Amino acid sequence: MTETSAITPAAPSHDSRPTRVRIAPSPTGDPHVGTAYIGLLNYLFATQRGGQFVLRIEDTDRTRFVSTSEQMIFDALKWVGLTWQEGPDVGGPYGPYRQSERTEIYREHVEILLANGTAYKSFETAEELEAMRQSQIAAKMPPRYNGAHRELTAEQIAAFEAEGRQYTVRLKVPATGSTTFRDELRGEITFDHNNVDDQVLMKSDGFPTYHLANVVDDHLMQITDVIRAEEWISSTPKHVLLYNAFGWELPKFWHMPLLRNIDKSKISKRKNPVSLNYYRESGYLPQAMLNFLGLMGGGMAQPTEQEIVSKGLNTKEGDIFSLAEMIEKYDFARISLGGPVFDLVKLKWLNGEYIRKQSPDEFFATLRSTLFSDAYLRAVGSLIQTRIENIGQFGDMTGFLFSDNVMPPDIVWIPKKREPADTIKFAEEQLTTLEAAAWDLDSITAALKALGEAKEWSVKENFMLLRAILTGSTTSPPLVESLIVFGKARTLDRMRRFIAFQKLPKRS
Ligand code: GLU
C-alpha cells in the first residue's frame with residue numbers, strides 16, 4: 001500500500017507572483033537520476049502554470065567540486081528532454097546562476113544578519129570544535145555547536161579579531177520554542193529549536209554554506225515554490241529561520257519522496273546505476289527514461305476501469321506516456337509519499353516498449369546513434385585494428401564492448417595465488433579507486449598502480465582481475481584503453497554487478 005497525501009492541493013498561490021521554480025544541483029560528479037527526477041517535477045510544475053524553470057549550479061562546496069560535472073548535468077538533462085528558461089548556460093535576468101560567482105552577494109547578506117543580531121561570529125579553532133564534538137560524543141550527546149560565542153561582547157570580538165583569529169558566521173537559532181512550516185505534500189512540520197544546530201552560514205574562507213546561499217538565491221531569484229527531495233526536510237527549519245531573519249516571504253515547500261532501491265533503502269549506486277550517463281551510454285531511450293521518472297512521483301493518473309475496458313487498454317499501457325501527456329495530466333495532488341522504487345526491471349520493460357514502438361527506420365537510427373555511432377565504432381576500431389587479420393574477428397575481440405551481460409567464470413577471475421574473498425575485496429577497492437579517477441589513460445593507470453602497490457597486488461594480478469571483470473576473458477585489447485572506450489559509467493556498473501553477483505550466497 002502506498003501512502004497518499006491527505007493534504008488538499010495547494011491553495012491558490014500565497015501571492016500573485018508568477019510561478020518560478022528551480023533545481024539547484026551541486027556539480028560533484030556524474031549527473032544523478034535524482035536530479036532528472038526532481039528536474040522533471042519542477043519542469044512540469046512550471047510548465048503547467050505558465051511559469052519559469054530555473055537551473056542554478058550550487059558549487060560553493062569546493063572540496064566536492066568536480067570541474068566536468070556542470071556540463072554533464074546540462075547534457076544529461078537535455079538528453080532526457082528537459083529545458084530551462086534561465087541558467088548558467090542560457091543566462092537570464094537574475095544571474096549569475098552559478099553560486100561561486102555570487103560570493104559578494106552572500107557576504108553582503110551575512111552583514112545584514114550580523115547587524116540585526118540573527119547571526120553571530122564564532123571564533124573557535126578547528127581543534128576547539130573537534131574537542132567540543134568529542135566531549136559531546138563521550139557524554140552521549142548529539143554533537144552540535146554549544147553556543148559558547150552566541151553572546152560575545154564587542155570587546156571580546158575585538159580581542160579575538162586582534163589575535164588574528166578566523167571566524168565563521170552562525171545562525172542564532174532561538175534557544176527555546178520551535179519552528180513550524182507547511183510542506184505542501186505533508187502538512188505542517190514542526191522542529192523544536194533544541195534539535196536545530198546553530199548552523200554555520202559562512203565559513204572562515206568567506207564562502208557561504210549551502211543553507212545561506214540557497215535561501216539568498218531562492219529569494220533573489222524570486223522562487224515561489226521550492227520543489228526538492230525529501231532529504232532536505234531537516235534543513236528547512238534553518239531556511240525558514242533565515243527567511244524570517246531577513247524579513248522575507250517564504251516560498252512554498254514541496255518535498256518529494258526519495259527514490260528507493262528495490263529493498264526500499266535510499267537509492268544508491270551500490271544497488272542501481274544512478275548516473276544518467278550510464279543509461280545514455282547503455283542505449284536507453286531518453287523518452288523511456290523520462291516516462292519512467294514520471295512514474296516515480298505517482299502524479300500520473302492510472303487509467304480508470306472504464307477506460308481500460310472501453311479502449312481495450314492493457315493496464316500496463318497506463319504506465320506509458322509522453323512529456324506532452326505529463327504536462328497535460330500530471331497532478332501534484334496525486335503524489336504519493338510512499339518511496340517510489342527505481343525498479344530496473346520496470347525501466348527495461350518500458351524501454352522495450354519504446355523500442356518496439358519504433359519504426360524500422362527509427363530503430364536503425366537508434367542503433368546508429370548509440371552502440372553503432374561513428375564515434376563509438378571509430379574508438380572500438382582503434383583498439384583492434386593492429387590486432388586482427390580479417391574483419392570477421394572484430395566481433396570476437398570486441399563483443400564485451402557491445403554486450404550487456406558479461407560475467408567471467410571463476411577460473412578467469414580468481415588469480416592463482418589468491419582466495420575468492422580477497423579477490424572480491426580487491427575488486428571493491430578497484431571500484432572505489434576508479435569511481436574517484438578522472439577518465440583518461442594516465443589517471444586510470446596511475447590510480448590502479450597506486451592501489452596495487454598499497455595492497456601488494458602485482459600489476460599483472462591487478463590488471464588481470466579488471467580485464468576479467470570487463471571482458472569476461474583472460475585476453476583483450478589493451479585494458480585501460482578499453483575502459484576508456486567503454487566509458488566510466490558503464491565500466492563502474494559492470495564492476496558493481498560483478499561484485500554483487502560474486503557476493504550472492506553460492507549453492508554448494
Ligand atoms: N544543492 C542542493 C542539491 O545538491 C540543492 C537542494 C535544494 O534544492 O535546495 O541537491
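Since we're looking at a predicted model, the values are computed, not measured. Indexing begins at 1, ligand by ligand and atom by atom, following the structure's order. The basis for the numbers below is simple: all heavy atoms, side chains too, and nothing from hydrogens, waters or symmetry mates.
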* To do: Verify the neighbour count for atom CZ of R165: are there more than 12 heavy atoms of other residues, nucleotides or ligands below 6.0 Å?
  => yes
What residue and atom, counting heavy atoms only, is the protein's closest point to [atom], and at what distance?
atom	answer
atom 10 (O) of ligand 1	W232 CZ2, 3.4 Å
atom 8 (O) of ligand 1	R22 NH1, 2.8 Å
atom 1 (N) of ligand 1	E58 OE1, 2.6 Å
atom 9 (O) of ligand 1	Y210 OH, 2.8 Å
atom 4 (O) of ligand 1	S26 OG, 3.2 Å

Test log, rule salt bridge (charged side-chain N to carboxylate O under 4.0 Å, His left out), inputs E130 and R133
CA-CA 5 Å; E130 184 52 26; R133 221 173 70 85; 3.2 Å; yes
- Taking the six-membered ring of F45, is the NZ or CZ of R49 close enough (under 6.0 Å from the centre) and on axis enough (within 45°)? yes
Side chain to side chain contact (heavy atoms under 4.5 Å, CB included) test vs Y43 passes for just one of I23, L82, L290, I38, namely L82
Full working for side chain to side chain contact (heavy atoms under 4.5 Å, CB included) between L295 and F321
CA-CA 9 Å; L295 283 170; F321 37 75; 3.7 Å; yes
R228 heavy atoms within 4.0 Å reach ligand 1 at atoms 7 (C), 8 (O), 9 (O)
Quick note on ligand 1: atoms under 4.0 Å from a heavy atom of N214 include exactly 7 (C), 9 (O)
Inset, instruction - Please confirm whether A24 comes within less than 3.5 Å of ligand 1 when only nitrogen or oxygen atoms on both sides are compared. - result: yes
Which of H219, H109, H239 passes ring-ring contact (aromatic ring centres under 6.0 Å, His included) with F246? It is H109
